[in-house]
Amino acid sequence: MIISRVQPCEQMFHSADTQTLYLLEFVALKLTNFLFMSIYLSILTEHGYDSQDTDESGYQSKEQRTSAPPKLTVFLQPSKTQLYSSVIYRGETVTVRCEIQGGEGAQWTYEWSRGQSNIRSASTEYTISRVTESDAGEYSCRGRRGSSWTKWSDVITLTVLPPPKPTVTLQPSWTQIYSGETVTVRCEIQGGEGAQWTYEWSPAKLNTPPTSNEYTIISATESDSGVYSCRGRRSFSWTEWSNIITLNVKPPPKPTVTLQPSWTQIYRGETVTVRCEIHGGEGVQWTYEWRRNEWRQGWVKLHETSSEYTISRATWSDRGGYSCRGRRGSSWTDWSDIITMTILSPPKPTVTLQPSWTQINIGETVTVRCVIQGGERARWTYEWRGGQKNIHETSSEYRISRLTESDGGEYSCRATRSSSWTEWSVSTTLRVTVHIKPTVTLQPPWPQIYSGETVTVRCEIQGGEGAQWTYEWRPVKLNTPPTSNEYRIITVTKSDSGGYSCRGKRSFSWTKWSDTLTVLCIHCLLQ
């Protein structure tokens, strides 16, 4: 191509001298090279290469001629924050930025797209003021230099959410705060971690920095009681106010000391637990301190830090007044009132009969009872022995229905509560008689009765005093109450002469009939 362009010059200047001819040929060669280089650079430009990538002669190295097109990156930059996140809250300002790695210093024109729509912005940044949910979507960009476009960048997803609602918490999370304790009110924004938030409190706490999400009360007083809420701001957007949390500050409670079991008296050898109860302090990790007021020695500190102090096999040395107090954090409660523990020797039971008759007939029913004075409120387990039988009874009463002679004998008992037994009681004798035989007597006890006198026929049962008897007479006297053991004759007549006998019944058992008593009216026989 260079030779074809030189030949016309030779024809035009064939008459010139040789020196002039060579000069013209050199100029033509330079012009041809310049045109060729211009065409070559134009081709490079159309394929995205920059003339700045060549040396002074316009030459590119092999590495420069084979390098890949520059890579584009798109990212979000929220305004005035350091949060690089695809989650933006409604009302904030965000900037979508397009960066071309390796394309620095060039004059680029940009094109933006969100989803299937193009955005009219030709700059490297696309700013959205007061973003709404409609601005959410997938953003990408591409750049152009000259007439050549880069590829579209990878998409970045912008998520627009309503501002989160903060939560106010107490630390420690106790339901009740006591005077003198330290508590921290904390404003927590879920999903807003890592952002530079500014906080506002209600009620306003002027000594709390606006960038702090905590308000610490060093030594709480009752004036700190109230409701607390907060809200947060990043950029120009505020969250909602949180729900309120109520802080109650009261004087420390006074513990109560109780005994378990709650017996009024503790017997030597038993196990008892002294318990410290703090009402309103449930669910809290308390540390306890115990003391016992010993006779002649005053207060003695006990080596126990839990809410219970257990005494196994109590002795005389365990008696005295017990008191406790509790601590959580650095605050102590008051000392509790004193509860006095009395240690006694186990009581000696007493056996009684019910009914308390001195003699019991065969067939009657009797209850043998074990009575422990002073131990009425305790849950006792009993052991029995007596009579001619093995007694398998653990309650305080042993009931014998329809007595037989084998039920007679001496009965005794003992009892246990916890791990300590009482002594055996003194034995009580149960006397079972085959049948009681009443005696009929006459009052006055005259051997002869005269007509017109007054006399009383009486039925007496030896050993049956105090019982509720029912009587039956022979002959039958219809005007005599069945509960009366007397038959009164106001004016003796001939018809009153004769034999009298009786028997008695208590429970379901009858006595024998008594011997017959004959009443003789002397003058009545002559009438």
Separation of [Y] [atom2] from [X] [atom1] (nearest 0.5 Å):
X: Met341; Y: Asn293; atom1: CE; atom2: CG; value: 13.0 Å
X: Thr365; Y: Ile400; atom1: OG1; atom2: CD1; value: 9.5 Å
X: Ile100; Y: Cys141; atom1: CD1; atom2: SG; value: 7.0 Å
X: Trp421; Y: Tyr382; atom1: CH2; atom2: OH; value: 11.0 Å
X: Thr182; Y: Ile218; atom1: OG1; atom2: CD1; value: 5.0 Å
X: Arg414; Y: Ser425; atom1: CZ; atom2: OG; value: 11.0 Å

Looking only at non-hydrogen atoms, find the nearest pair between [X] and [Y] and report the distance.
X: Trp152; Y: Ser113; answer: CZ3-OG, 3.7 Å
X: Ala220; Y: Ile177; answer: CB-CG2, 4.2 Å
X: Pro255; Y: Gly326; answer: CG-N, 4.4 Å
X: Leu247; Y: Asp224; answer: CD2-O, 3.5 Å
X: Gly321; Y: Trp299; answer: O-CZ3, 3.7 Å
X: Ser412; Y: Trp424; answer: OG-CE3, 3.8 Å

Q | Stepwise side-chain hydrogen bond (donor to acceptor under 3.5 Å, both in side chains) check, Ser336 with Ser323 | A | CA-CA 5 Å; Ser336 69; Ser323 178; 3.3 Å; yes
Q. Trp335 ring centre to Arg291 NZ or CZ under 6.0 Å, with the angle to the axis within 45°?
A.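 Because its charged atom sits under 6.0 Å from the ring centre and within 45° of the axis, Arg291 does stack over Trp335.
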Q.
Tell me whether Arg144 forms a cation-pi arrangement with Trp108, defined as NZ or CZ under 6.0 Å from the six-membered ring centre and within 45 degrees of its axis.
A.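 Here Arg144 fails the 6.0 Å and 45° test against Trp108.
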With a 4.5 Å heavy-atom cut-off, do [X] and [Y] have their side chains touching?
X: Glu200; Y: Arg231; value: yes
X: Val257; Y: Cys324; value: yes
X: Arg369; Y: Tyr398; value: no
X: Ile338; Y: Tyr322; value: no
X: Cys413; Y: Trp380; value: no
X: Lys348; Y: Val426; value: yes
X: Tyr110; Y: Ser123; value: no
X: Pro253; Y: Tyr178; value: yes

Do [X] side-chain atoms and [Y] backbone N/O form a donor-acceptor pair below 3.5 Å?
X: Ser202; Y: Cys230; answer: no
X: Asn213; Y: Arg186; answer: no
X: Thr305; Y: Thr287; answer: no
X: Thr483; Y: Thr470; answer: no
X: Ser229; Y: Ile244; answer: no
X: Thr333; Y: Lys254; answer: no
X: Ser262; Y: Leu259; answer: no

Would you call [X] and [Y] a salt bridge, using N to O less than 4.0 angstrom?
X: Glu133; Y: Arg90; answer: yes
X: Arg328; Y: Glu181; answer: yes
X: Glu270; Y: Arg417; answer: yes

(Q) As a quick check of understanding, evaluate side chain to side chain contact (heavy atoms under 4.5 Å, CB included) for Tyr139 and Tyr126, giving each step before the final call. (A) CA-CA 10 Å; Tyr139 286 79; Tyr126 173 58; 3.9 Å; yes
Q: Start with the C-alpha gap between Ser312 and Thr271, add the side-chain angles, then the distance that decides, and say whether side-chain hydrogen bond (donor to acceptor under 3.5 Å, both in side chains) holds.
A: CA-CA 4 Å; Ser312 301; Thr271 297; 4.5 Å; no
(Q) So for atom CZ, which belongs to Arg114, do other residues, nucleotides or ligands contribute more than 12 heavy atoms lying within a distance under 6.0 Å? (A)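 Yes, enclosed.
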Q: Kindly check if the number of other-residue, nucleotide or ligand heavy atoms within 6.0 Å of CD (Gln116) is above 12?
A: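 No, not enclosed.
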Q: Report the C-alpha separation of Ser306 and Glu304 in whole Å, then their side-chain angles, then the decisive distance to 0.1 Å, and conclude whether the side-chain hydrogen bond (donor to acceptor under 3.5 Å, both in side chains) test is met.
A: CA-CA 6 Å; Ser306 70; Glu304 181 61 61; 2.6 Å; yes
Q.
Set out, in order, the CA-CA distance, both residues' side-chain angles and the distance that settles side chain to side chain contact (heavy atoms under 4.5 Å, CB included) for Trp316 and Ser345, then state yes or no.
A. CA-CA 9 Å; Trp316 302 115; Ser345 297; 3.6 Å; yes
(Q) Determine whether Glu277 and Thr258 satisfy the following criterion, side chain to side chain contact (heavy atoms under 4.5 Å, CB included), listing intermediate values before the conclusion. (A) CA-CA 8 Å; Glu277 298 178 352; Thr258 59; 3.7 Å; yes
Q: Answer with yes or no whether the side chains of Thr416 and Thr381 bring together a donor and an acceptor at under 3.5 Å.
A: no
